[in-house]
Structure formats: structure tokens, C-alpha cells
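Counting starts at 1 for both ligands and their atoms, in listed order.
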Amino acid sequence: MADASARPANGLRLVMLGPPGSGKGTQAEILAERLGIPAISTGEMLRRAVDSGSALGQRVESIMASGALVDDETMAEVVRERLSRDDASDGYLLDGYPRTLEQADTLAGILEDSSSALDAVIFVDAPEDELVRRALARQRADDTEQVVRHRQEVYREKTAPLIEYYEGLGLLRRVDGDRSIEEVNVGIREALGVSG
Ligand code: AMP
């Protein structure tokens, strides 16, 4: 990643990692727009599938409503198909994937198949109290506090191990998410070494 600023920014392949309520979705959209790469949110893709009433949507609706994770195999299909589209051929920012170590393995396989590699994993963190407060504040109409708390538990158990995994690969860039949207955004760009 040391040479990120020397490369065209639109060549970057990035992952945005962070607990529910960390603001990573907002940051993913701002950053992707700046870098001219698509922000790919698996949560958004699944919500659209639910809204459209597709077979996928019907399969995942109740799982999503409970705050649990959709199974790794289904997610592998969704992500493999999305990353094979033209607009993702020259970089992307994944938001909400991978969320398990198995998904990280799948992503590594997809990258290997296309002879590409991740440039960085941005980890946006904030204190747990603040996360629960924010997640409750922006909960969707049908989310109960129980669902919001369940999402935090699922994150701790299934997703948090990815922090160490990507740290071990030298890809992790930690950013303090307990600041204003603009400050976090600047922090992310500094961590990536992209100017502007
Ligand atoms: P999000 O908008 O990223 O919080 O995702 C909303 C919901 O979609 C999650 O609570 C999961 O039920 C499901 N989901 C999104 N991305 C994934 C993923 N990578 N693996 C499993 N489930 C996911």
C-alpha cells in the first residue's frame, strides 16, 4: 500500500470493515465517490433483493430481519457475480463483505482468479457504547433493540476475527471512527495515503 498515492486511485481494491454503527457505510460512499470506484454494499444488494421479491430476497428476508448473517455460500455467489461486472474491473470498495473468515477466503480466491489483490482494509472503530447509541438512533423501522444488539454480538463473534487476519497480511489501516464524518473521512484518506 506504500505506493498507493503513486498509482491511479481508481485501481484500488479496498474493503471497509467496522462494527454496526461505526459509520462505515457513509464513509464507504464518500470515499468511493472520491476515488471513482464503485462502493459495493452487500447489505444494500440484499435489501434490494428483498424489495424486488426475487428468489434470493425471499431466501434472506427473515435472516436479515433477525440481525443474523446470510450463509457464506449464498454471499459467495452474490459477491462473485457482482465483482465480475465491468464497473468493478478497475477497483472497488467493498462495504459489508467479508464478514466471516470463510468469506475472506472466498474473496482471496476471487482475487486470485483475476490475478488481482486487495490494496487495503480500512477498519473504522468506535467505543461500544457509542456504536450501540448510533445503531439504535438509525435503526430501521422494523428493527428492535434486540436485533440491534444481536448485530453487535454477531459482529464480535464472526467479523471481529477479520481484524487480526488482515493485520497479519499487513493490509489493515485503523481509523478512529469516533469523530465527525469529515474528520473520519480525512483520517481514512491519510491512512490510505491518497491525497485530495
Ligand atoms: P448491512 O447493511 O451491511 O448491515 O447488512 C444488513 C444485513 O444483510 C446483515 O445484518 C446481514 O443479515 C446481511 N448481510 C450483509 N452483508 C453480509 C455478508 N457479507 N454476510 C452475511 N450477511 C450479510
Apply side chain to side chain donor-acceptor pair (under 3.5 Å) to the pair Ser180 and Glu183, showing each step before the final yes or no. CA-CA 5 Å; Ser180 73; Glu183 285 169 326; 3.2 Å; yes
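One finds a salt bridge joining Glu44 and Arg47 here, because a Lys/Arg side-chain nitrogen approaches an Asp/Glu carboxylate oxygen to under 4.0 Å. The pair Arg99-Asp72 fails the salt-bridge criterion, with no side-chain N (NZ, NE, NH1 or NH2) lying under 4.0 Å from an Asp/Glu carboxylate O. Between Lys24 and Asp95 there is a salt bridge, since a side-chain N of the basic residue sits under 4.0 Å from a carboxylate O of the acidic one. Salt bridge annotation for Arg149-Glu153: absent, with no cationic side-chain nitrogen under 4.0 angstrom from a carboxylate oxygen.
When heavy-atom distances to ligand 1 are checked against a 4.0 Å cut-off, Met75 comes that close only through its side chain, counted from C-beta outward. Contact annotation for Leu69 and ligand 1: heavy atoms of both the backbone and the side chain come within less than 4.0 Å of the ligand.
Taking every heavy atom of Arg151 and a limit of under 4.0 angstrom, the matching atoms of ligand 1 come to 10 (O). Contact atoms of ligand 1 toward Arg47: 2 (O), 6 (C) (distance under 4.0 Å to a heavy atom of the residue). Applying the 4.0 Å criterion to heavy atoms of Gly96 picks out, from ligand 1, the atoms 16 (N), 17 (C), 18 (C), 19 (N).
Under a 4.0 Å heavy-atom criterion, Ala68 is in contact with ligand 1. For Glu44, the closest heavy-atom approach to ligand 1 does not fall below 4.0 Å.
Not one N or O of Met64 is nearer than 3.5 Å to an N or O of ligand 1, by distance alone. Here's the thing with Ser41: none of its N/O atoms is less than 3.5 angstrom from an N/O atom of ligand 1. The N/O atoms of Pro98, backbone and side chain alike, include none that comes under 3.5 Å of an N/O atom in ligand 1. Considering backbone and side-chain N/O atoms, Gln103 comes within less than 3.5 Å of an N/O atom of ligand 1.
Applying the 6.0 Å contact sphere to CG of Leu169 captures more than 12 heavy atoms from other residues, nucleotides or ligands. Annotation for Glu112: atom CD does not count as buried by contact number, only 12 or fewer foreign heavy atoms lying within 6.0 Å.
Using modelled atom types and a 3.5 Å distance limit, the side chains of Ser89 and Asp86 yield no donor-acceptor pair.
Taking each of Thr42, Ile63, Val70 in turn, the one with a heavy atom nearest to atom 21 (C) of ligand 1 proves to be Val70.
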